Number of protein chains: 2
Amino acid sequence: MIQNREEVPGIPEPLHCETVESVKGQMPGNDFCSSLADFFKILGDMTRVRILLALSFSEMCVLDIAFLLGMTQSAISHQLRVLRHARLVKARKAGKSIFYSLDDEHVENIVEEGFEHLRHGGTRGAAG
Amino acid sequence: MIQNREEVPGIPEPLHCETVESVKGQMPGNDFCSSLADFFKILGDMTRVRILLALSFSEMCVLDIAFLLGMTQSAISHQLRVLRHARLVKARKAGKSIFYSLDDEHVENIVEEGFEHLRHGGTRGAAG
DNA sequence: TGAACATATGAACAATCATTCATATAACGT
DNA sequence: ACGTTATATGAATGATTGTTCATATGTTCA
């Protein structure tokens, strides 16, 4: 026997069924939502943001980025792997060095949008 | 005595000083980068993305969102607090219920950009 | 005022993740 | 071939974080 009131333990019943049904019909699938979140998750790290911003000004090799950000070559390389795997940056081999640059124009647009959001007094991280 | 080659232990010397100097001059401050990363970090969670997507279709109260996403009222409330504190959603009181809705048009634009990025075969989370 | 309902919140736990350290791969100069 | 340089990577670790559980706040109705 299952309870009367709760269909699923812990999960509440809806208050406004029409709204819920309507939204449920318009909601994208979980796969899409997951991909979207994973994409933003990559931008949700200060080091990666700084790498992307740097590359928006000029292509750079790993050691230069590491020096610019005052971080270890290993740390930068790990993050570049994440960015490369996400197709946000691309690599160009030149001798011993490997030059990275932005792979997607959308990246700059998105950063631009985030910038606009901050400008309009959205999320304030440092200055509370 | 300090080493000759390495100014800072662990941090490498730049290979292309001109590039580094140029980019360093254009780079935003760390505060800005940190705020930007914090902003994207908020979008980097599937639950929060689904909440924002749902609210882009209609304002909803907490229990409705919880039911829609098949999650606990507590979990949703916690995430709504994050979104509210980041000024991404706003709350409207109506009796016992509290209706949430998007607070910023940029949110939709940003989600749109992320969507475009995925469309162009950027980050593929589920469908590899 | 008391019961029922809607939401918020604090502490705890599990899972995720960025960095470090050590080491591997790869390319260049000699 | 050897040493040097540039980058990549695997394992370990410390920090962050999303969810759960229990409970608190606040609203409505009787």
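Within every chain, numbering begins at 1; the chains are lettered A, B, ... in the order of the sequence lines, protein sequences first and strands thereafter. Predicted, not measured: the structure shown is a model, and the values here were computed from it.
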Are A/Phe67 and B/His16 close enough that their ring centers fall under 6.0 Å? no

Just do the side chain to side chain contact (heavy atoms under 4.5 Å, CB included) check on B/Ile98 and B/Leu80 with the steps written out, would you? CA-CA 11 Å; B/Ile98 295 183; B/Leu80 281 174; over 6 Å; no

Send over the distance from B/Ile76 CD1 to D/dG18 P, rounded to a whole Å. 13 Å

B/Phe115: which residues meet the ring-ring contact (aromatic ring centres under 6.0 Å, His included) condition with it, sequence neighbours left out? A/Phe32

Between C1' of C/dT20 and CD of A/Gln79, the distance in whole Å: 13 Å

A/Arg48 CZ - D/dT16 C1' separation (whole Å): 13 Å

Rounding to an integer number of Å, can you tell me how far A/His85 NE2 sits from D/dA8 C1'? 14 Å

Whole Å only: how far is the CG atom of B/Asp38 from the P atom of D/dT16? 12 Å

What is the distance from CG of B/Asp45 to P of C/dC17, rounded to the nearest Å? 11 Å

Do B/Met27 and B/Leu36 sit in the same hydrophobic cluster, where Ile, Leu, Val, Met, Phe, Trp and Tyr count as joined when their side-chain heavy atoms come under 4.5 Å apart? yes

Take the protein atom CZ of B/Phe40 and the nucleotide atom P of D/dT16, then report the distance between them rounded to whole Å. 21 Å

Return all side-chain donor-acceptor pairs below 3.5 angstrom for residues 45-62 of chain A, not counting sequence neighbours, or 'none' if the list is empty.
residue, atom, partner, partner atom, Å
A/Asp45, OD2, A/Thr47, N, 3.1
A/Asp45, OD2, A/Arg48, N, 3.2
A/Arg48, NE, A/Ile42, O, 2.6
A/Arg48, NH1, A/Gln79, OE1, 2.8
A/Arg48, NH2, A/Lys41, O, 3.3
A/Arg50, NH1, B/Asn30, OD1, 2.9
A/Arg50, NH2, A/Leu69, O, 3.1
A/Ser56, OG, A/Leu53, O, 2.5
A/Glu59, OE1, A/Arg92, NE, 3.3
A/Glu59, OE2, A/Arg92, NH2, 2.6

Mind calculating the distance between CG (B/Leu69) and P (D/dT20) to the nearest angstrom? 12 Å

Any side-chain to backbone donor/acceptor pair from A/Ser35 onto A/Asp31? Under 3.5 Å, distance only. yes

Base, backbone or nothing for each nucleotide of nucleotides 7-14 of chain C, written B, S, -, heavy atoms under 4.0 angstrom, 5' to 3'? BBBB----

